[in-house]
*Asks:* 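Below is one structure. I have some questions about it.
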Amino acid sequence: MNEQEFKNRYVKARRELIKLSFSHLNNMQREAVMTTEGPLLLLAGAGSGKTTVLINRIANLLRFGRASDSTDIPETAGEEDLHILEAAAADPDFNEMAKARRLCALEPCEPWRIIAITFTNKAAGELKDRLENMLGPEARDIWALTFHSACLRILRRHSEKLGYGSSFTVYDTADSQSVMKAILKEMELDEKMFPHRSILGYISRAKDEMQTPQEFLAQAKATGDIRRQRIGECYLAYSNRLKDNDAMDFDDLIYNTVRLLEEHKDIREYYQDRFRYVLIDEYQDTNNLQYRLATALAGGRGNICVVGDDDQSIYKFRGATIENILSFESRYKNARVIRLEQNYRSTGNILGAANALIQNNQARKGKELWTEKERGEKLLLYVAQNENDEAQYVSTRLLEGFAAGINWRENAVLYRMNAQSNKLEYAFKRNGIPYRIVGGMRFFDRAEIKDILAYLCVINIPHDDLRLERIINTPPRGIGGKTIETAKLIAQEKGTSLYNIVKNAREYPQLSRSFAKLMDFANMLDELREASETVGADELFDLLIEKSGYIRALEAKLSDENRAKIENVRELKTNIISYIKDSGDSSLSGFLDDVALYTDLDSLNADTDCVVMMTMHSAKGLEFDNVFIVGVEEGIFPSARCMGEAEEMEEERRLCYVGMTRARKTLTLCCARQRMVFGTTSSNKPSRFVDEIPSEYIERNESARNDDFLSGSYSRPYPVFNTKTEGRSFGTEGASPQKKRGISPPAPSSAAAKGDFKTGDSVNHKAFGSGVITKMTPMGNDCLVEIEFKNGAKRFMLRAAAPQLTKE
DNA sequence: CGCACCACAATTTTT
DNA sequence: TTGTGGTGCG
């Protein structure tokens, strides 16, 4: 046997054996797992087992290194080794399997040399969990992080190179907005002409193109664009303000990391050497900066694997550029492309419809999902009379499903705009359907949570002027706007922080009127900061609540709203405790860093059995047995905004594709002949997307109903009830401030529309089974009915529930 | 300084 | 229709 033949047989046997380790994957998945070297584009269709591939690929790297993708063999390899490999590859029960596997390894990768970057904390967390489950504790050394947390980690080590302190703060969107508002005020720019949000949009785009304020201004001057010049001045002022406060916004985290890597050879080489393998998830959602970051990190060995689906690119408005995925092959020479097209989620009909729809797009790589599953049920288009009919239809279907043994949580209702959730909410409440809304107001966006976090920030870093200003008079302690204004001015003159002025208020005659209050405040902060050096973040939290009197102030006026706020603040402590438990770090700064990038805790305690409602954007990455997409009408979906814009229209179509491919078993589309949008009624045609689905996949069902039940009183607001229903809350029940609604006074007439039910009646509900009516409260020309079922009490509006109810 | 009232606008969202 | 932000009064 000559050397070449030996080598070929060795490599072949080794590859075969590694294959056996991944025999549970399909061919394409396995190919992706075993392609370890060089640039790799993984086009992973919806439901194609993308995360499984990612995890197995990492497992392969740790166990076998580059062996599956290399023709190199160890110098020490001898004929005996070859025999072991060949024997093992031929016989899964080979008795020296462990030894054979060890022979397969070629430079196995240390876990800390792998970085896997995702977009959301949820995705990063999921990745971490699944890696640890598969690989054990060594998986903890893998950098499985979001773009932002990875950058934060890098920047904390090198921030001084960029002129920041090592304990710089991170501003969230709201912080950025308040800074921009202040700047606009100072520059006396009209909010009408220069809305702060759109200015921030320009800044974000400039950063994405790595344009400095100076360059932005120069360019604006060159073109003579006055408006752009003003914006450039805002950009400059904004950058300076953040710099002065030693703060970075979300974009800066990435922008500065890219600068750090591009401008500092030593640092770049350190990371390029460290990270042998770079993986980027959801590549279709990356923007230019993120592309440059990935390129910089992978620049050493060129082992970059990006995973994405061009057909699911729905975040253009947020700066994502589909170009990144479309031009991967031309940007990275020798790139290999692997398509994962086998779908493990949906039935044949759902996939057929989705494939047909997405084929109408031009800008795509081309990919067709297929499945081994049965065709399943056809999709259904329900044409409702109006949005109430639509909501009632979905409710009825959900009740039918529940009666047939389907858990609520297996259903999702998806829509284009959050505003559409309202009518559905009312219908669900009337019908006693428990639901949960994803999105909307988030836990960390709530005023009370931001307040407490602001306290913690200031305790951590006293010169955090922005946060200090937020809490200086929250709860009210008699420090008014005038005082704050004066103190800020002095601080500016002296070139010091607001905190220093407040602390030494006695020295400034301008502040004489309120210096005692200011100093009390500063003393409180000092005491807390002192405490923070000895106690953990959880204990500090208790001290903070005590000393600041925050909860006491809320308790003074115990409205429903304040009750909910108090509960939320207490909930925050749960967060602190779970952070400490998960990370083993009880330091305040650690918690704050984590929280700065962590806004989405909703998903964490999503364990109650509820129907899930959300936008199609939020639904990306999720799956449900039964999916309802509502508002499938021209002008709503696709939205009126993108009419005539071919590119935008394609993005809407991708959004539709994303929505449809969430469904495992059934998919129902709903549209209404008439709909109230923003207070005015309009009638829209069914969406063009419906027409793009061939009739072999979809059935149509016109609304047959046309009674007063639909057109009459239903659009009126109804009181909030149903004990099992969660509102727009962060998990634990009832933690959200209940919305105040105009509750119409009970009308004298108790015109219980259908049938003649009365208190004490035994009834049977189609979905909830038998029960007894315990209470009936007339309301308007309807009636609130409370029924005691075996599994607890429920409340309904009689008109909605009547079709489901029979007397026993 | 807090609250009530009016004008106004209004996809999609993560960090 | 709903929520928000700004202004003006008590």
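As a basis for the values below, the full set of heavy atoms in this structure was taken, side chains included, without hydrogen atoms, waters or symmetry mates. Each chain gets a letter, A, B and so on, in the order its sequence line appears, and its residues count up from 1.
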*Asks:* Looking across every strand, which nucleic acid part, if any, lies under 4.0 Å from Gly478(A) by heavy atom: base, sugar-phosphate, or nothing?
*Replies:* nothing

*Asks:* Assuming nearest nucleotide by heavy-atom distance, tell me which of Glu651(A) and Thr173(A) is located more 5' along DNA chain B.
*Replies:* Glu651(A)

*Asks:* With respect to the side chain of Phe250(A), which nucleotide from dT2(C), dG2(B), dT15(B) is positioned closest?
*Replies:* dT15(B)

*Asks:* Provide, to the nearest angstrom, the distance between the CZ atom belonging to Arg675(A) and the P atom belonging to dT2(C).
*Replies:* 15 Å

*Asks:* Between C1' on dT14(B) and CZ on Phe317(A), what's the gap in Å once rounded to a whole number?
*Replies:* 9 Å

*Asks:* Remember a base hit wins even if backbone is also touched, and classify Asp285(A) as base, sugar-phosphate or nothing at under 4.0 Å, heavy atoms.
*Replies:* nothing

*Asks:* Using the rule for Phe, Tyr, His and the six-membered ring of Trp, do Phe119(A) and dT14(B) stack at under 5.5 Å and under 30°?
*Replies:* no

*Asks:* So, is Thr680(A) close to the dT1(C) phosphate, meaning a side-chain N or O under 4.0 Å from OP1 or OP2?
*Replies:* no

*Asks:* In whole Å, what is the span from the NZ atom of Lys122(A) to the P atom of dT15(B)?
*Replies:* 11 Å

*Asks:* Provide, to the nearest angstrom, the distance between the CG atom belonging to Asn386(A) and the C1' atom belonging to dT1(C).
*Replies:* 15 Å

*Asks:* Hey, does Tyr315(A) reach any base, or is it just sugar-phosphate, or nothing, if we go heavy atoms under 4.0 Å?
*Replies:* sugar-phosphate

*Asks:* Testing the 3.5 Å rule here: is there a donor-acceptor pair between the side chains of Asn361(A) and Tyr657(A)?
*Replies:* no

*Asks:* Could you verify whether a donor N or O on one side chain and an acceptor N or O on the other, from Glu390(A) and Gln392(A), lie under 3.5 Å apart?
*Replies:* no

*Asks:* Could you tell me how far dT11(B) sits from dG6(C) if I compare only their C1' atoms? Round to whole Å.
*Replies:* 25 Å

*Asks:* Using whole Å, report how far OH of Tyr255(A) lies from C1' of dT15(B).
*Replies:* 19 Å

*Asks:* From dT15(B), dT2(C), dT12(B), pick the nucleotide closest to the side chain of Thr615(A)?
*Replies:* dT12(B)

*Asks:* OP1 or OP2 of dT13(B) versus the side-chain N and O atoms of Ser618(A): is any pair under 4.0 Å?
*Replies:* yes

*Asks:* Identify each atom pair where a protein N or O and an N or O of nucleotides 3-11 of chain B are less than 3.5 Å apart, giving names and distance.
*Replies:*
from	atom 1	to	atom 2	distance (Å)
dT11(B)	O5'	Arg641(A)	NH2	3.1

*Asks:* Taking the side chain of Met676(A) as its heavy atoms from C-beta onward, which of dT15(B), dT12(B), dT1(C) lies nearest to it?
*Replies:* dT1(C)

*Asks:* Are side-chain N/O atoms of Thr286(A) and Asn324(A) paired as donor and acceptor at under 3.5 Å?
*Replies:* yes

*Asks:* Please give the distance between the C1' atoms of dT14(B) and dG3(C) as a whole number of Å.
*Replies:* 22 Å

*Asks:* Under 4.0 Å between a Lys/Arg side-chain N and an Asp/Glu carboxylate O for Lys316(A) and Glu323(A)?
*Replies:* no

*Asks:* Please check the phosphate of dT14(B) (OP1 and OP2 only) for any side-chain N or O of Asn121(A) closer than 4.0 Å.
*Replies:* no

*Asks:* Looking at Ser176(A) and Tyr238(A), what are the two nearest heavy atoms and their distance?
*Replies:* OG-OH, 3.1 Å

*Asks:* Where does dT11(B) land, syn or anti, once you apply the within-90°-of-0 test for syn?
*Replies:* syn

*Asks:* If I pick the P atom on dT12(B) and the same atom on dG5(C), what distance separates them, to the nearest angstrom?
*Replies:* 15 Å

*Asks:* Salt bridge or not between Asp389(A) and Arg673(A)? Use side-chain N to carboxylate O under 4.0 Å.
*Replies:* no

*Asks:* Nearest whole angstrom, please: distance from the C1' of dC1(B) to the NZ of Lys517(A).
*Replies:* 11 Å

*Asks:* Do Glu186(A) and Arg241(A) sit within salt-bridge range, that is, some charged N less than 4.0 Å from a carboxylate O?
*Replies:* yes

*Asks:* Could you give the CZ-to-P distance, from Arg446(A) to dG3(C), as a whole number of Å?
*Replies:* 14 Å

*Asks:* Rounded to the nearest angstrom, tell me the gap between atom CG in Leu293(A) and atom P in dT14(B).
*Replies:* 21 Å

*Asks:* Taking the six-membered ring for Trp, are Phe637(A) and Phe689(A) closer than 6.0 Å centroid to centroid?
*Replies:* yes

*Asks:* Mind listing the closest non-hydrogen atom pair of Met614(A) and Val612(A) along with its distance?
*Replies:* CE-CG1, 3.4 Å

*Asks:* Scan Ile479(A) against the nucleic acid and name what it touches under 4.0 Å (heavy atoms): base, sugar-phosphate only, or nothing.
*Replies:* sugar-phosphate

